[in-house]
Amino acid sequence: MGNSVQLLSDRVSLIASNDTWMEGTAIQQLLKTAELPHMCRVAGMPDLHPGRGYPVGAAFFSVGHIYPALVGNDIGCGMGLWQTDLPLHKVNIDKLSKRLGNVEQPLDDSWGDLLRQRKQDQAIDCDGFDASLGTIGGGNHFAEFQAVDDVFDSTALEALGLEHKRLLLLVHSGSRGLGQRILTEHVSRFNHQGLAAGTAGFDDYLQQHDQAVRWAELNREMIARRFLQAIRAEGEVLFDINHNLVSSKTLDGTAGWLHRKGATPADQGLVVIPGSRGDHTYLVKPLESAAGLYSLAHGAGRKWQRGDCKARLSHKYSRDELYRTAFGSLVICGDRTLLYDEAPQAYKPCLSIIEALQDAGLIEVVARLKPVLTFKTHGECSA
DNA sequence: ATGTTC
């Protein structure tokens with residue numbers, strides 16, 4: 001216990017074991033970000049990897065100031081886990097895939113009443129990005145049907161209301177163009193500077209940020225609902241957790257701001273830590289601990305940079321190996337670049353992330369899930 | 001990451 005917590009400095013810790021894949025660039029970015037004024041504590045997660053200036057897979061605690069550029073463009077990005085009423089023995093993967101013909105279009109009028117209701121309830125006063133609402137987007141975002149593969153804590157599973165013989169749906173998306181617009185506007189006014197609490201800019205950003213978080217949550221709900229409708233199933237959300245945001249938090253008696261940059265909250269109950277489309281997803285129970293700044297890994301973490309993947313993989317693998325995984329699960333991805341950028345080989349093994357978190361005393365594994373069908377985007381190349 | 005490439 002605790003042997004995978006590395007102290008890089010008096011205020012920077014890294015959750016990683018000796019065999020966790022870790023880029024030097026990512027560590028440099030972590031240490032550099034820790035030097036920002038008013039930054040008090042930084043924790044890198046085992047899925048840490050280089051980002052644009054700031055690393056992804058880390059939590060940053062500051063006092064009196066927030067850093068919108070550190071949160072980045074995908075404000076409110078997160079994961080929603082849904083349980084369908086479809087028994088696994090009735091699932092036919094090829095039939096499932098054929099029903100996903102219309103899940104990328106803007107939501108049509110039949111969703112209008114529900115959308116208006118949700119926007120009113122959630123105080124979402126923004127119509128400018130309706131065409132993206134209910135759509136997955138690009139990058140590492142996805143909607144994935146999954147099945148329980150192994151159970152380690154049936155009591156916790158039961159408490160969550162998860163029945164292990166039903167098809168699950170994991171949705172990973174964020175605030176799309178809305179978060180992007182908020183960041184761009186901030187950067188044009190303040191560059192990468194932080195904002196001091198109490199200033200107009202601070203209040204203005206936080207108000208927009210919080211709305212983008214709610215918009216992203218609604219986006220994931222709509223994605224889940226349209227996927228359920230497409231496969232003619234009912235379903236309910238088990239949890240929905242953001243891993244890209246800044247929120248107020250008191251740490252050792254000090255009130256401040258916790259930036260989560262690809263870091264899943266450890267103070268909101270059970271969470272999932274998904275691997276790549278060709279790897280397991282782990283349902284885990286966070287344990288009480290201050291070592292990780294109330295945060296966990298948000299996934300397996302990239303091993304290879306985007307853009308490098310196509311050259312490394314395109315001559316090595318057959319078409320069949322790209323659209324079917326080792327689990328026999330199906331991959332729908334019509335975008336060639338995305339197909340390679342998000343290949344299993346581009347990601348760290350998810351078990352290595354889970355083991356590092358376990359060794360640090362941050363989690364207990366509740367269940368292991370496996371992919372059934374991963375949807376990225378349509379296109380002529382899909383199987 | 002991005003109603004995506006000034």
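What you are looking at is a predicted structure, and each value in this text was computed from that prediction instead of being measured. Chain naming here is simple, since letters A, B, ... match the order of the sequence lines and numbering starts at 1 in each. All values below come from the heavy atoms of this structure, side chains included, with hydrogens, waters and symmetry mates left out.
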How is the hydrophobic cluster of [X] composed, in terms of its other members, when Ile, Leu, Val, Met, Phe, Trp and Tyr link through side-chain heavy atoms under 4.5 Å apart, directly or indirectly?
{"X": "A/Phe327", "answer": "none"}
{"X": "A/Leu107", "answer": "A/Ile66, A/Val71, A/Ile75, A/Trp111, A/Leu114, A/Leu115, A/Ile124, A/Phe129, A/Leu133, A/Leu178, A/Ile182, A/Phe190, A/Leu195, A/Phe202, A/Tyr205, A/Leu206, A/Val213, A/Trp215, A/Leu218, A/Met222, A/Leu245, A/Val246, A/Trp257"}
{"X": "A/Leu48", "answer": "A/Leu8, A/Val12, A/Leu14, A/Met22, A/Ile27, A/Leu30, A/Leu31, A/Leu36, A/Met39, A/Val42, A/Tyr54, A/Phe60, A/Tyr67, A/Leu70"}

field: Chi angles and distances behind the salt bridge (Lys or Arg N to Asp or Glu O under 4.0 Å) call for A/Asp74, A/Arg176
entry: CA-CA 7 Å; A/Asp74 201 2; A/Arg176 313 286 271 101; over 6 Å; no
Base, sugar-phosphate, or nothing: which does [X] touch, judged by heavy atoms less than 4.0 Å apart?
{"X": "A/Gly174", "result": "nothing"}
{"X": "A/Gly179", "result": "nothing"}
{"X": "A/Arg176", "result": "sugar-phosphate"}
{"X": "A/Gly177", "result": "sugar-phosphate"}

Distance in angstrom units between A/Asp74 CG and B/dT2 P, rounded
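My rounded result for the distance is 6 Å.
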Would you mind reading off the distance between A/Arg52 atom CZ and B/dT2 atom P, rounded to a whole angstrom?
->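 Roughly 12 Å, once rounded to whole Å.
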Q) Considering residues at least two apart in sequence or located in another chain, which fulfil the ring pair (Phe, Tyr, Trp, His ring centres under 6.0 Å) criterion with A/His259? A)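 Per chain and number, A/His259 pairs via ring pair (Phe, Tyr, Trp, His ring centres under 6.0 Å) with no residue.
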(message) Applying salt bridge (Lys or Arg N to Asp or Glu O under 4.0 Å), can you list everything that pairs with A/Arg368, at least two apart in sequence or on another chain?
(response)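 For A/Arg368 the salt bridge (Lys or Arg N to Asp or Glu O under 4.0 Å) partners, ignoring immediate neighbours, are A/Asp149.
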What N/O pairs connect the protein and nucleotides 4-6 of chain B at under 3.5 Å? Give each pair on its own line.
none

